[in-house]
Every structure is written in C-alpha cells, then in structure tokens.
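Comments concern the structure below.
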There are 2 protein chains.
Amino acid sequence: MPITVLLVDDEPLVRAGLRAVLEAQADIEVVGEAADGAAVIPLIRQLRPHVVAMDVRMPLLDGIEATKAVLKTIADPPKILVVTTFENDEYVYQALRAGADGFLLKRARPAEIVHAVRLVAEGETLLFPAAVRSLAAEYGNRQAREALERAALTEREEAVLRLIARGLTNAEIAAELYVGLETVKSHVSAVLAKLGARDRTQAVITAYESGFVTPA
Amino acid sequence: MPITVLLVDDEPLVRAGLRAVLEAQADIEVVGEAADGAAVIPLIRQLRPHVVAMDVRMPLLDGIEATKAVLKTIADPPKILVVTTFENDEYVYQALRAGADGFLLKRARPAEIVHAVRLVAEGETLLFPAAVRSLAAEYGNRQAREALERAALTEREEAVLRLIARGLTNAEIAAELYVGLETVKSHVSAVLAKLGARDRTQAVITAYESGFVTPA
DNA sequence: CGGCGTCTCCCCCGTGCGGGGGAGACGATC
DNA sequence: GATCGTCTCCCCCGCACGGGGGAGACGCCG
C-alpha cells in the first residue's frame, strides 16, 4: 500500500520535479496535482491522499489559508508538507502554526524530499530539531553528529547557526531576526561554545559535516 | 533526429522538473545534467548537445561565467538558454550580454518551456533577438577570456581554499604551507574575489555548495 | 514562592580579518 | 627580449569578530 501524495504548487515545473522525484520510489505514488490552494479541498475529498505537498506562496489561496481550510473542513485530514523556496520564510512558520506537519525546501536533495514525505506519512512532524537530527543521522558523520547532539542548541541558537551558515554577518543576522547586535553576539558565542568551534567559519563546517545544513 | 539538451542547475528538483517536461516531447531528448557551471565544458565536449539550459545563479561558476567559458572554448557551441527564477534579474542581462541565446523563467508553463527550447535550437533568439546577437558579437572573445581567468582558481589558491574549508586561520595556513602570513592573506583575498565571497565564511559555504569539498 | 533557563541587551578590549596599495623572483609564452 | 601570470612578501588601515564580564524580563517548574 503506497503512500499517496497530492502536489499543490502554482509552478508546473516544481510539480513536475516533485512528481519525478517521488514517482521514482516504489512506495510513493503521486495521485494528483493542483495549481492553487482553492482547488485543494475537493481534490482531497476525491483522492484521499496520505500527504499533501503544498507550496506556501500561491495565488488566490496561499498555503497557510489552504492548510487552515483543509484542517477545518476535512475529517481525518491528510498530512501537510509545506514546500518553500526560502529557508527562513515567515510564511513557513505561519503554516506550521496553522497545523502543517512539516516543511521542505525546494532546493533539498531528492533523497531528502523522499525522506520528508515518508516521515510525515508515518505521523512524524518534520519540524526543526527532529528533522535536522534525523537527516544528520542519515547523512552526517558520527563525530559531528554527536557534537551537535551534545550541544543541544536552543531554538534561537539553531536559527542563528542557520543564518551563519548562509554567510550573514552578525549585523545582518540582527536585522533578519529583529533583535540587537549584542543579542546576536551572545547567541553566536553560545553556538560557538556548544559546537566547540573557534569561530563562525568552523561553525559552518560543523553545520555541513553534521548534516545540520546540506549542500544543494 | 531529436533536439538534445544538457541541463545545468544546482537544484536537483529543477533539473528533474525540466527533464520531466522536456522528455515528454517526442522531438526533445535530455542527454545530461550538471550541478554547476564548472562541469559544463567537458560535458558539452562529450555529449554535443544542441541546447544547454543553464541556471544563472550557481555556486563556484555561475551561468554568466559558464556561458562565456563555453562560447570561448567550444568550437561550434550549443545554444544557451538561461534559466532564472526572477523576471528582472540583472544576472540575466549579463548572461545575454555574455552571449546566451535566450532566457527562460522557472515558473513558465511546460508548453512555454518546450517552445523556448525548440526556438533556440532552431537558431532563433528568445527576447531581444538583435540585441543579443550584437552584444554577443561585440563582447565575444575578449570578455570571455578575461572572465575565465577571473573565475578559475590557481593551484595555490585551491590549496588555500581547502585549508580555509577545514577551519584553519591564516596563521595556521601559513604554517601548513611553509609560507609567510602575508602570502596567505594575498591568496585568501584572491580566493574571495574569484568566488564572489565577502569573507572566509562565505567561501566555505561556496566550497560546500559547489561540491569543491564534500561532507564526510 | 524561588530557582532555573532562555532571550534580550550593555560595557570593554584585543586581534584576526580583509581591502588598499606595492614589489621582487621565477617560469612560460610570444 | 619583453610580457604575463603565479607565488612570494611587505606596508597601512578600519572593522567585524569573539571573549570577558554583567543584568533585567519572562516563563517554567518544583
């Protein structure tokens, strides 16, 4: 009994890409597509998919409203996997708050995309800590992974590390997170201490080596 | 005799999408894929595609430099279709000036994507036909040569980048390579300039994202 | 209630970093 | 022979970075 998936994205190219990646798996079947959130509800009623892969940014009805609508109107709703282009997308957080079960970056590698679909299908929530750790378990080397687990970064520190790993300066991180520069410096220092990194450069290396962030 | 296409994009998802869309056509065949511009030239030599669908924004060697490099080094070069996410992308204009034959939005409909590939394969230029040709003719070889020289790391610079990507400071790199600190600083500056990185942190990110170094 | 952790912000301070110049030595190329 | 690129080394300079210390606000939990 395969995992059935409904794709919801306004870009046909992305739908085709997700379809190609997912259909390559024996246990996953793409049962339908929709170009915007407005078409989702009847399609779910008709197809009863296990998982809905839903873009956050769509015309007419975006992923957040669509997620709310689905959870409100569908009894025994499917798992909702939010798809996004940008890592630190405020819409993603809104969608997760609205009840989505996980999020997925468009630039993720095929193996990660498949992994994400399987996880949410099993009832796991693919949020930050769990998702990252399991991916780290799958891809990362042991020492780096253990270093991360020993570290147990706080939510805020994870956010800061992610921005460090995108090449931002402390000032830019402060602007991104709407906090002061001194606050960022505090978080950065905590991250470096927990990772055993001497500077932000080594922190980025650890982030990659542990699978906390992954190359495209 | 089908139109043969080489896909160059750092996102596997986009490659899969383009492949799905194009392979659905009887007269179009995707003969290869590459994740960044650095791998393009040997692949073109090997596969001799009619059309290269090339992302503008890529790590290490972006679409602009890659386009210049292809037109400079390949005799009887393929048509180059620049692929982009954003409509008003300054990089697109740079790529067209570099000699690309057309551009394509990632959010285009499948029919448009197919249309674009067929057009450039026939020798038509997509958007600004005259402008593209004249600009390509005007800038042609000179800029291409300069660009290549600007883009490719020297042996020493590669060694320095590898050490940067292992978390070493300039002083440590100097000790490792048995040279002076000032020498290392010169190489580091050259690496940053060529990679378009603001600091060593961004250089490490580029090193990972481009596959120059890979997680364990 | 009182502790504890997290997040926020502030001070001082040393220094590694990166940009801006330039310059000599060597080999390859023309 | 002259030119070019690479590798080497040097100067000055501004500043982002990271360590050291501390502190107030909030929520959680025993």
Side-chain angles (χ1 to χ4, degrees), chain A residues 88 90 93 97 127-129 147-207, chain B residues 65 68-69 72-73 141-207:
Chain A
N88 225 344
E90 174 55 26
Y93 295 95
R97 276 195 291 272
L127 304 183
F128 289 85
L148 260 191
E149 282 164 359
R150 221 179 322 116
L153 298 180
T154 67
E155 194 178 337
R156 207 54 165 169
E157 287 159 359
E158 282 198 4
V160 168
L161 176 55
R162 204 163 269 110
L163 294 174
I164 290 175
R166 275 172 43 198
L168 275 62
T169 64
N170 288 340
E172 288 167 345
I173 294 173
E176 184 78 17
L177 297 179
Y178 301 106
V179 296
L181 175 62
E182 297 298 325
T183 302
V184 173
K185 289 177 66 176
S186 293
H187 291 315
V188 169
S189 289
V191 168
L192 296 184
K194 288 183 176 178
L195 295 187
R198 184 170 49 190
D199 50 42
R200 63 207 299 110
T201 304
Q202 290 193 348
V204 169
I205 294 169
T206 300
Chain B
E65 302 303 329
K68 291 177 182 173
K72 189 229 167 197
T73 56
N141 285 337
R142 189 174 58 81
Q143 276 205 347
R145 187 182 64 245
E146 290 169 2
L148 245 194
E149 285 160 3
R150 263 187 291 115
L153 298 181
T154 67
E155 196 177 334
R156 208 55 164 166
E157 287 159 0
E158 280 199 6
V160 169
L161 177 55
R162 249 175 260 283
L163 294 174
I164 291 175
R166 275 174 39 198
L168 275 62
T169 64
N170 288 339
E172 288 167 345
I173 294 173
E176 183 79 18
L177 298 180
Y178 301 105
V179 297
L181 176 61
E182 296 299 325
T183 303
V184 174
K185 289 177 66 175
S186 293
H187 291 315
V188 170
S189 289
V191 167
L192 297 184
K194 287 182 177 178
L195 294 187
R198 182 171 50 190
D199 49 44
R200 64 208 296 109
T201 305
Q202 290 192 348
V204 168
I205 294 169
T206 300

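Throughout, protein chains are lettered first and strands after them, A, B, ... in sequence-line order, and every chain is numbered starting at 1.
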Between A/Arg156 and A/Thr183, is there a side-chain heavy-atom distance shorter than 4.5 Å? no

4.5 Å side-chain heavy-atom contact, A/Thr169 and B/Arg198: yes

Check the distance between C/dG18's P and A/Arg200's CZ and give it to me in whole angstrom. 11 Å

Separation of atom CG in A/Asp199 from atom P in C/dG16, rounded to whole Å: 11 Å

DNA chain D contacts among residues 164-179 of chain B, heavy-atom distance under 4.0 Å: B/Val179

Is there a side-chain contact between A/Thr201 and B/Asp199 (heavy atoms, below 4.5 Å)? no

Ionic contact status for A/Arg162 with A/Glu176, cut-off 4.0 Å: no

In whole Å, what is the span from the CZ atom of B/Arg156 to the C1' atom of C/dG27? 16 Å

Whole angstrom value for the distance that separates C1' of C/dG5 from CD of A/Glu157: 11 Å

Report the distance from atom CD of A/Glu155 to atom C1' of D/dG27, rounded to the nearest whole Å. 14 Å

Roughly, in whole Å, what's the span from CG in B/Leu181 to P in D/dC9? 10 Å

Would you say that A/Thr206 contacts A/Leu161 through its side chain, given a criterion of any heavy-atom pair below 4.5 Å between the two side chains? no

Those residues at least two apart in sequence (or on a different chain) that pass side chain to side chain contact (heavy atoms under 4.5 Å, CB included) with A/Ser186 are none

With distance as the sole test, does B/Arg200 use its side chain to make a donor-acceptor pair with the main-chain N or O of B/Val188 at under 3.5 Å? no

Which protein N or O atoms sit under 3.5 Å from an N or O of nucleotides 19-23 of chain C?
unit_1: C/dG19; atom_1: OP2; unit_2: B/Ser189; atom_2: OG; d: 3.4

Test applied, side chain to side chain contact (heavy atoms under 4.5 Å, CB included); reference residue, B/Asn170; option that passes from B/Leu181, B/Leu163, B/Ile164: B/Leu181

